[in-house]
Amino acid sequence: MKQILVTGSVGQIGSELTHALRERYGEENVVATDIRMPSDTRLRDAGPFEFLDVLDPNHVTRVMQIHDIGTIFHLAAVLSAIGESRPNVAWQVNMNGLYNILEAARQYQCSMFFPSSIGAFGKSTPKDNTPQDTIQRPDTIYGVTKVAGELICDYYHKRFDLDTRGVRFPGMISHETEPGGGTTDYAVEIFFEAVKHKRYTCYLREDTSLDMMYMPDAIRAMIDLMEADASKLKHRNAFNITAMNFTPAQLADEIRKHIPEFEIEYEVDPVRQEIADSWPNYMDDSAARDEWGWNHEYDLAKMTSDMIKVISDRIKG
Ligand code: SER
C-alpha cells in the first residue's frame with residue numbers, strides 16, 4: 001500500500017491520529033511529520049518521522065520524494081486564540097502551508113484530509129442547529145483561513161479532480177496531548193484542574209454554548225470519511241460534525257457528579273469570549289450522518305466519566 005503522511009503529528013489531534021493510523025495500516029505505512037520533535041518517543045520510533053516545515057515547498061517535495069505517499073492528513077495549523085495574537089503567522093501557516101500541501105497532493109496524486117472548524121462560522125451565521133450550507137463571514141483570522149481552506153480544497157477537487165475531503169471539527173477534548181492556543185481549550189484544562197486541584201477558573205462565560213467532541217470519535221471520523229465511498233459524497237470538504245454541546249456551567253455540573261467538591265470560577269478573557277460568541281451554539285451534522293454514516297459514540301456523560309478516570313489513574317500512577 002501507499003504510505004500516509006500526517007502533518008502536525010505532534011499536535012493534539014495529530015499525535016493520536018498517527019498512533020491510530022499506524023495501528024490500522026501498519027507502522028511503516030504512516031509517516032509522521034512536524035516542525036517540533038515529539039516528546040512522545042513512540043511517534044518518532046514506532047514508524048517513520050520526518051522534520052517537515054509545511055511553509056517550505058522544497059521541504060514538502062523532498063519528503064514526498066523520499067516516501068511513497070498516497071494520502072495526506074494535513075493537520076499543521078495555528079488555532080483561533082493564538083491566531084488573534086499572531087495573525088500573520090496564522091495566515092502563513094494556515095493558507096500557505098495548506099497551498100503547499102495541496103500542490104504536493106496534486107503533483108503526487110494523493111487523497112487529502114483537511115480539518116476545518118466551527119471557527120469557519122461567524123456572527124451572522126444562524127447559531128442554533130447551524131446548517132451545513134449557510135452564511136460564513138467569520139471575523140477571526142483563524143476563521144478566515146478555515147473558510148478559504150474549505151473553498152480551496154473544493155476547488156482542487158473540481159479543477160484537478162483531487163480527492164479532497166474534510167470536516168468542521170468542534171472543540172476537541174482529549175487527555176494525551178495538550179491543545180495549544182484554541183478558544184475551546186478550557187474543556188480540556190478543566191478536567192486536569194478538577195482532578196488535581198478540585199477547582200478551575202474558566203476564561204469563558206458560564207453560559208457559552210459550544211459544540212465539542214471526544215478524541216476517539218474525531219479519530220474515527222477522519223478515518224471513516226477517508227475510507228467512505230466517494231460516490232456517496234455530495235459534499236466533499238467541511239462536513240459539520242459534532243458529538244455534544246454544553247456550556248462551562250453544564251460541564252462543571254457533570255464533573256461534580258464524579259468530584260462533588262469541584263468548584264468553578266469565571267474570569268472572562270474578552271478576546272476568547274468574543275471568538276466563542278461568534279461560533280455556533282450547536283451545529284446540524286445530518287449531512288455527515290447521511291452521506292458517510294457519521295455517528296458519535298461519546299456524549300457529555302460518557303466523555304466526562306472517561307476523562308476523569310484516565311486522568312485520575314495517570315495521577316495515581
Ligand atoms: N478548537 C479550535 C479552537 O478553539 C476550534 O476549531 O481554536
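Start at 1 and go down the list; that is how both ligands and their atoms are numbered.
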Contact residues of ligand 1 (heavy atom under 4.0 Å), by chain and number: Leu79, Ser80, Ser117, Tyr142, Gly182, Thr183, Thr184, Trp279
Angle between ring planes, Phe239 versus His235, binned at 30° and 60°: parallel, tilted or perpendicular? perpendicular
Restricting to pairs with a member in residues 85-129, which pass ring-ring contact (aromatic ring centres under 6.0 Å, His included), not counting sequence neighbours?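 Those involving residues 85-129 are Phe73-Phe113.
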Flag, side chain of Ser9 to backbone of Val6, donor-acceptor distance under 3.5 Å: no
Cluster question for you: counting only ILVMFWY and a side-chain heavy-atom cut-off of under 4.5 Å, with indirect links fine, are Tyr200 and Leu251 together?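 Both belong to a single hydrophobic cluster.
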For His197 together with Phe192, are the ring centres under 6.0 Å from each other?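 Distance test on ring centres: not under 6.0 Å, no.
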Is the number of heavy atoms from other residues, nucleotides or ligands within 6.0 Å of CD (Glu178) greater than 12?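 It does not: Glu178 CD has 12 such atoms or fewer within range.
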